[in-house]
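Lettering of chains follows the sequences in order, A, B, ..., and the numbering in each one begins at 1.
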2 protein chains.
Amino acid sequence: MLTTNAFAGIGALVGDPARASMLVALMDGRALTATELATVAGVTPQTASSHLAKLVAGELLAVERQGRHRYHRVATPAIAEMIESMMAVAATGTIARRRPLCTGPRDAMLRRARTCYDHLAGRVAVGIADRMITRGEIRLGADGGEVTERGAELLQSLGIEIPRADGRRGGRAFCRPCLDWSERRPHIAGAVGKALLAHSIDTLWLRPIAGSRAVIVTPLGRDALTRLFGLAPDIWDDPI
Amino acid sequence: MLTTNAFAGIGALVGDPARASMLVALMDGRALTATELATVAGVTPQTASSHLAKLVAGELLAVERQGRHRYHRVATPAIAEMIESMMAVAATGTIARRRPLCTGPRDAMLRRARTCYDHLAGRVAVGIADRMITRGEIRLGADGGEVTERGAELLQSLGIEIPRADGRRGGRAFCRPCLDWSERRPHIAGAVGKALLAHSIDTLWLRPIAGSRAVIVTPLGRDALTRLFGLAPDIWDDPI
DNA sequence: GGAACGCTTCGATCGGGCTCGAAGCGTCGA
DNA sequence: TCGACGCTTCGAGCCCGATCGAAGCGTTCC
């Protein structure tokens, strides 16, 4: 079976710890250089080069040359989704469940707010999803979700344009639940989640941290998100 | 990073050809014995036992003892979704795209109609999705889909009860697009796809083949599906 | 032009894991 | 009770691939 071999090949590509680290690092959607990825993976540049060549040949990563740098990024959204679903499985495993996923002040930031490929994740993102559901602005089920009319009004009032499912103006905007690794509950992914994150960065509500998936919630963003999405004030406090 | 290690572990588990074959074979949702899986993977029972032990330890498979048999199945729907997304990536790769996925009379059946974990896949499934979209019975987008009121009426008239997204009666029924490996276009997955397949088997429209993911479309099913979903007659002909 | 830098290629080493034969354990049927 | 069967464990062989040093190529900066 040709597909089965390709399937195993994908697994083997992801199966090496160094390559896995690289893929995880690229899951925020940015493009990183070979040297940066070597540092992330904890290997020498030669080894990283070999790994990156394999990932590019396997079409998991795409590469662009810029001068003497080579920027690597996740090749397609489908691949990012695949990695997401694999991490969701990995995060629910016994080994990961045994003790808290991460500790320390740096990881407290990750748990609070981080990027998940093209949308927001973490305690804040789950809180936003919770409130939008209870206020009837979105609906989320096991198989998908959508923005309600009330939700569309809210987003439009913020200046966020949500692409419709079928391209037509009158169509419905779907969104996708994405299991949050740290919270173990869904946050909003898909076009809606992407637009929400982009808008939050544009308006300086959130500020990405270079070299990390964590994002800083600015004082401006804290006020805006609390007000607009009716977040509980204690969402900003890191639990012990 | 604990999660990254677990992530790489999942990849390594899937990365072996023998284990990959087993997982693919189990993707129709049935539970198979260790010996059956050894045959599928083309390895000796000892080797299969070792692989299965790893897959069970990694919580990708669950096992049930029945007398001297051990039945293995995909542990959770989340894992089946993960495998699906990996196969979708594998099926779009250059290697798989180079030549037709499969040939021969046995594979013609697979291309026509097969199970995809808990729902139907293949040319017929894609045809059903196409027609339901054009007739306004379902909507499918990149991030999800839903059953329209007209679609709900159709399904209800067939005696298919679709679980609502939020459990409430008035709620909306979401469904999920799933990229068809052989057709390279989406068919219907999620609760709606599952209910549709179950109903088709109950009514003897479809008959699963033991030891294969292919399903036979009975004459009864051919008539019913053509009539109910307005399929083009040539969908039953295998292209050369 | 020369040096520093980013990245790749080549070659050698080495460890992990896949594989199967042989043997052992539990279950089923006669 | 005995043999057949399904499956697992143990052990040894063996191959693949990850890793890094050394060297080479192209780019940038001074």
*What residues, two or more places apart in sequence or in another chain, satisfy side-chain hydrogen bond (donor to acceptor under 3.5 Å, both in side chains) together with A:D118?*
none

_Value in whole Å for how far the P atom of C:dT8 lies from CG of A:L52_ = 7 Å

*Pairing residues for B:S50 by the side-chain hydrogen bond (donor to acceptor under 3.5 Å, both in side chains) criterion, not counting sequence neighbours*: B:K54

*Residues that B:R185 engages under side-chain hydrogen bond (donor to acceptor under 3.5 Å, both in side chains), provided they are two or more places apart*: B:D130

*Quick one, give me the B/S/- string for nucleotides 18-30 of chain C, reading 5' to 3', where B means a protein heavy atom under 4.0 Å from the base and S means that only happens at the primed atoms, P, OP1 or OP2.*
SSBBB----BS--

*Residues from residues 22-29 of chain A sitting under 4.0 Å of DNA chain C, heavy atoms only?*
none

*By side chain to side chain contact (heavy atoms under 4.5 Å, CB included) - contacts of B:H69 (at least two apart)*: B:T33, B:Y71

_Just to verify, what does B:H119 make a side-chain hydrogen bond (donor to acceptor under 3.5 Å, both in side chains) with, not counting sequence neighbours?_
B:H187

*Just checking, any donor-acceptor pair under 3.5 angstrom between side chains of A:T4 and B:S21?*
no

*Using whole Å, report how far NE2 of B:H69 lies from P of D:dT8.*
12 Å

*What's the CZ-P distance between A:R70 and D:dC25, to the nearest Å?*
15 Å

*Could you list the residues that satisfy side chain to side chain contact (heavy atoms under 4.5 Å, CB included) with B:T44, not counting sequence neighbours?*
B:Q46, B:T47

*Who are the side chain to side chain contact (heavy atoms under 4.5 Å, CB included) partners of A:S49, not counting sequence neighbours?*
none

